[in-house]
Amino acid sequence: MKQNTQDDTKVNKHKLKIQHIIFLIILVCGTVYVAYENNSQTTIKNTGSWSENSIQKCHGNIFGTIYNITYKSNINLHAEISKVLTDVDNSLSPFNKKSNITAINNNETNIPDERMIEVFNLAKEVSQKTDGAFDITVAPLVNLWGFGFENSESISSTNIDSIRNLIGFEKVKLEDNKIIKQSPQIKLDCSAIAKGYGVDAVGKYLETKGINDYMVEIGGEIRCRGCNPNGIRWRIGITNPQDDISGKQSEIEQVLELTDISLATSGNYRNYYIKDNQKYAHTIDPRTGYPVQHNILSSTVLASDCATADAYATAFMVLGLDSAIQVLNNNPDINAFFIYSIDSLRTGVWHSPAITKMILEN
């Protein structure tokens with residue numbers, strides 16, 4: 001079994017400046033960047049630069065964020081891609097009043113569609129492997145703290161304790177293709193996995209069209225295959241986490257060279273609010289009912305599919321550094337890059353050993 005160690009810990013050592021990157025696609029709502037460099041020697045066997053006519057790009061809005069997609073094809077498939085994303089939204093978005101998950105939450109049906117079944121099963125698996133740190137039944141708590149799809153109530157320990165009675169994967173099950181809830185008040189929120197699932201859905205669609213060179217990004221969650229237009233591996237920049245609701249700050253912490261992999265990042269520095277001089281972050285621990293206060297500032301996970309990476313990135317934010325590393329030790333198919341707080345002035349970096357070969361050095 002592959003063991004992850006903390007030998008790679010670094011303190012503020014990998015600050016990469018934006019001017020070192022020739023071309024940068026800014027992912028406004030995400031936590032990563034995609035970069036191309038023309039003079040790289042890192043090439044992929046039997047591939048070359050794309051012809052001008054084969055470079056297809058599309059972007060738009062979905063899931064309350066933006067998407068950017070680049071793929072190698074002589075055919076523009078934006079309309080078809082848009083339909084794939086709309087289908088995912090109609091299945092998994094609790095903000096969509098006509099979605100399948102909304103109907104389940106409102107007890108209008110207990111019949112999940114095919115996409116909902118896939119996500120439910122994956123979410124349950126991740127929940128079991130992270131001791132409940134990832135749990136899509138957390139919706140009522142997310143709503144309570146003001147980050148969900150319903151208006152929040154007044155926050156009190158009494159309200160939190162009451163709502164916690166509705167939280168827990170053991171209180172909901174998938175049986176005979178039906179969602180069975182212990183209480184009609186239980187509500188599901190797949191927001192921490194839906195973007196990743198949407199990324200995978202688009203990637204799989206492109207592959208059905210024989211497209212093997214592409215990058216799909218939705219709000220910072222990424223799936224890349226093959227090479228980029230310059231015939232080299234895709235370059236993904238992990239930003240330095242700084243409190244910035246606007247999403248405009250963009251100092252690069254590390255750039256990774258990737259192909260045939262997916263990546264997702266979770267962090268509390270872009271989605272939070274301050275009330276009575278107290279910061280409340282959007283990641284809620286389903287086991288306590290409160291926003292997390294752990295030392296991980298940014299959790300980036302690499303996995304074969306983006307839905308899995310998305311779910312674990314959130315789970316690791318809940319677990320904190322030490323417990324997250326334990327989960328990684330038990331699941332060698334996933335890797336992570338953490339930026340964490342040492343104290344009020346210093347940050348550190350820890351990453352899985354497998355990521356070492358992916359790091360683009362200065």
Side-chain angles (χ1 to χ4, degrees), residues 1-14 31-32 123 125-138 141-142 145 147 160 164 167-169 189 191-193 196 220-221 238-243 253-254 263-273 278-303 308-355:
M1 178 179 295
K2 176 181 66 180
Q3 295 294 316
N4 294 277
T5 69
Q6 299 194 52
D7 293 342
D8 297 302
T9 300
K10 307 166 190 173
V11 179
N12 289 331
K13 191 176 179 180
H14 294 290
T31 53
V32 297
E125 177 185 336
V126 176
S127 181
Q128 292 171 338
K129 291 183 176 181
T130 60
D131 193 28
F134 185 82
D135 197 323
I136 62 174
T137 68
V138 76
L141 284 171
V142 175
W145 285 99
F147 297 104
I160 293 170
R164 284 181 62 198
I167 310 302
F169 233 121
D189 186 352
S191 299
I193 195 172
E221 323 298 35
I238 301 172
T239 62
N240 183 280
Q242 304 174 48
D243 285 351
E253 177 73 33
Q254 190 67 71
L263 174 150
T265 299
S266 183
N268 287 323
Y269 52 96
R270 294 267 171 89
N271 192 0
Y272 64 90
Y273 63 84
Q278 177 69 38
K279 177 182 174 181
Y280 296 97
H282 79 287
T283 303
I284 310 299
D285 189 336
R287 304 166 301 178
T288 67
Y290 288 84
V292 297
Q293 298 291 333
H294 289 305
N295 55 348
I296 295 182
L297 302 176
S298 173
S299 166
T300 297
V301 175
L302 286 80
T308 296
D310 202 2
Y312 276 104
T314 297
F316 291 155
M317 288 297 300
V318 173
L319 288 170
L321 186 62
D322 292 339
S323 294
I325 291 173
Q326 279 189 323
V327 172
L328 287 164
N329 287 336
N330 294 328
N331 296 274
D333 291 337
I334 60 174
N335 295 284
F337 186 104
F338 299 132
I339 303 173
Y340 63 93
S341 173
I342 295 175
D343 54 38
S344 61
L345 298 176
R346 298 181 299 161
T347 61
V349 168
W350 182 97
H351 63 75
S352 302
I355 290 180

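Values below: every heavy atom of this structure, side chains too, minus hydrogens, waters and symmetry copies.
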Exercise for the section: Quick one: pull up CG in N335 and CG in L263 and give me the separation to the nearest 0.5 Å. Expected result: 11.0 Å
Problem - Exercise: identify the closest heavy-atom pair between I193 and A311 - result: CD1-CB, 4.1 Å
Practice task
State the OG-CZ distance between S299 and F338, to the nearest 0.5 angstrom.
Solution key: 4.5 Å
Practice task
Using the six-membered ring wherever Trp is involved, compare the ring planes of H351 and F337 and label them parallel, tilted or perpendicular (cut-offs 30° and 60°).
Solution key: parallel
Handout entry: Flag, side chain of N331 to backbone of D333, donor-acceptor distance under 3.5 Å
Key = no
Practice task
Provide the closest heavy-atom pair for V138 versus P286 in the form atom of the first, atom of the second, distance.
Solution key: CG2-CB, 3.9 Å
Exercise for the section: Could you tell me the separation between the CG atom of L319 and the OH atom of Y312, rounded to the nearest 0.5 Å? Expected result: 10.5 Å
Problem - Expected output: side-chain T288 to main-chain Y290 donor-acceptor under 3.5 Å - result: yes
Completion exercise
Distance col, row K129:NZ vs T308:OG1, nearest 0.5 angstrom, shows 8.5 Å
Problem - Atom of G168, atom of T137 and distance for their closest heavy-atom approach - result: N-OG1, 2.8 Å
Problem - Which atom of R287 lies closest to which atom of V318, heavy atoms considered - result: NH2-CG1, 3.6 Å
Problem - From CE (M317) to OG (S298), nearest 0.5 Å - result: 7.5 Å
Completion exercise
Here the pair of heavy atoms bringing A313 nearest to A264 is CB-O, 3.9 Å
Problem - Those residues that, when tested against Q128, pass side chain to side chain donor-acceptor pair (under 3.5 Å) (two or more places apart) - result: none
Handout entry: Taking every non-hydrogen atom, the tightest pair across E253 and I339
Key = CG-CD1, 3.5 Å
Practice task
Compare all side-chain heavy atoms of I342 with those of Y340 and state whether any distance is below 4.5 angstrom.
Solution key: yes
Practice task
Report yes or no: does S341 contribute a side-chain atom to a donor-acceptor pair with the main-chain N or O of T347 at less than 3.5 Å?
Solution key: no
Problem - Approximate separation, where rounding is to 0.5 Å, of T130 OG1 and E125 CD - result: 10.5 Å
